[in-house]
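Treat the numbers as computed from the prediction; the structure is a model and nothing was measured. Counting starts at 1 for both ligands and their atoms, in listed order.
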Amino acid sequence: MTPDHAGAAADKVLIHPLVVRITHWINVLAMLMMIFSGWRIYNADPIFAFKFPRELTLGGWLAGALQWHFAAMWLFVLNGLAYVIYGIFSGHFKSSFLPVTPKSVWNEFKSALRGRLAHETGVYNAVQRAAYMGVICVLVALILSGTAIWKPVQFQELAALMGGYEGARVVHFVAMSLVCLFIVVHVVMVALVPRTFLPMLTGRARKPLPGHGG
Ligand code: HEM
């Protein structure tokens with residue numbers, strides 16, 4: 001390694017811990033399998049007056065899609081549990097997502113609309129903090145409604161909270177739609193600020209020079 005290269009490596013700081021990176025990318029895989037197989041399951045008995053295009057679905061037929069959905073479900077739940085336990089006990093949630101206030105989210109949201117969203121290396125802005133905590137809550141609603149649909153007899157109290165089996169299906173659909181909205185906005189934001197992508201794989205990013213934006 002040349003002295004220049006050694007200097008460049010030393011300038012890099014760890015901004016995404018290994019557990020966060022591994023669970024993030026496993027989650028992407030599990031989510032994609034769950035969404036596309038879920039659309040195939042929905043098509044077998046639509047709640048609304050539309051179906052998803054067959055080419056966008058996974059599993060081929062209802063039984064195949066159910067197999068995919070249930071297999072990915074375990075990956076998604078166990079991986080999510082590992083992320084949440086790590087996030088709580090390592091202090092990651094506290095240090096990365098807090099503090100966040102409605103005022104800070106609103107102010108940074110307005111700046112974002114003017115194309116001036118703050119993005120300091122290794123620090124999530126208020127809009128990101130709110131979005132990440134929001135999507136985690138939506139994923140919990142997705143799991144609870146999914147559990148009520150999966151075992152409506154064993155978890156009938158849970159289903160009753162959502163207005164019964166059909167109500168739980170609507171909650172599950174709305175939660176899925178919110179997750180899809182999050183994914184679209186999240187991926188567009190990464191495309192707009194592409195230097196955030198590589199650190200989510202390697203964990204490391206260059207420290208901003210004093211006086212320069214990150
Ligand atoms: C191909 C799709 C995706 C890409 C390219 C992507 C990329 C990224 C990147 C680059 C970051 C770091 C942002 C930064 O440093 O400013 C991030 C963080 C995050 N992403 Fe994604 N993401 C994807 C899908 C998802 C999905 C499906 C979810 C959940 C439904 C998700 C949830 C999160 C969360 C919660 C964080 C914060 C992680 C933490 O620090 O604990 N992402 N993502």
Notebook entry, point to check: With a 4.0 Å cut-off on heavy atoms, is His92 touching ligand 1?
Noted result: yes

Next item on the list: May I ask you to test the Glu166-Arg169 pair for a side-chain heavy-atom distance under 4.5 Å?
Entry: yes

Next item on the list: Flag yes if Leu75 and Met31 sit in one hydrophobic cluster, no otherwise; membership is Ile, Leu, Val, Met, Phe, Trp, Tyr, and two members link when side-chain heavy atoms are under 4.5 Å apart.
Entry: yes

Item checked: Heavy-atom side-chain proximity of Met176 to Phe173 below 4.5 angstrom -> yes

Next item on the list: May I ask you to identify, for Thr196, whether its side chain, its backbone, both or neither come under 4.0 Å of ligand 1 on a heavy-atom basis?
Entry: both

Next item on the list: Return yes when atom CZ of Phe89 has more than 12 non-hydrogen atoms of other residues, nucleotides or ligands closer than 6.0 Å, and no otherwise.
Entry: no

Notebook entry, point to check: Nearest protein heavy-atom contact for atom 14 (C) of ligand 1: which residue, which atom, what distance?
Noted result: Tyr124 CE2, 3.5 Å

Note to self: With a 4.0 Å cut-off on heavy atoms, is Phe76 in contact with ligand 1?
What the structure shows: no

Note to self: Is the ring pair Tyr132/Tyr124 parallel, tilted or perpendicular, if the boundaries are 30 and 60 degrees?
What the structure shows: perpendicular

Check: Around atom 21 (Fe) of ligand 1, what protein N, O or S atoms are found below 2.8 Å?
Finding: His24 NE2, His186 NE2

Checklist line | Check: Phe36 ring centre within less than 6.0 Å of Trp39 ring centre | finding: yes

Note to self: Quick check on contacts: which atoms of ligand 1 are under 4.0 angstrom from a heavy atom of Ile183?
What the structure shows: 27 (C)

Notebook entry, point to check: So is there a nitrogen or oxygen of His16 less than 3.5 Å from a nitrogen or oxygen in ligand 1?
Noted result: yes

Checklist line | Under 4.0 Å to a heavy atom of Phe97 - the qualifying atoms of ligand 1, by number | finding: 39 (C), 41 (O)

Margin query: I'd like to check which ligand 1 atoms, numbered from 1 as shown, lie under 4.0 Å from a non-hydrogen atom of Phe197.
Written below: 5 (C), 10 (C)

Next item on the list: With rounding to the nearest 0.5 Å, note down the distance linking CH2 in Trp61 to CD in Gln67.
Entry: 8.5 Å

Next item on the list: Find out whether Val20 and Met200 are in side-chain contact, i.e. whether some heavy atom of one side chain is under 4.5 Å from a heavy atom of the other.
Entry: yes

Next item on the list: Answer with yes or no after comparing the ring centroid distance for Phe93 and Tyr83 against a 6.0 Å cut-off, counting only values under it.
Entry: yes

Checklist line | side-chain hydrogen bond (donor to acceptor under 3.5 Å, both in side chains) involving His186 - partner list, sequence neighbours excluded | finding: none

Checklist line | Per-atom contacts, ligand 1 versus Gln128 - under 4.0 Å to a heavy atom | finding: 13 (C), 14 (C), 16 (O)

Item checked: Any Phe93 heavy atom less than 4.0 Å from ligand 1 -> no

Note to self: Would Asn107 and Lys110 count as a side chain to side chain contact (heavy atoms under 4.5 Å, CB included) here? Give the steps.
What the structure shows: CA-CA 5 Å; Asn107 285 341; Lys110 282 191 297 186; 3.9 Å; yes

Margin query: Quick test of your reading of the structure: of Trp25, Tyr132, Tyr86, Phe182, whose heavy atom lies closest to atom 32 (C) of ligand 1?
Written below: Phe182

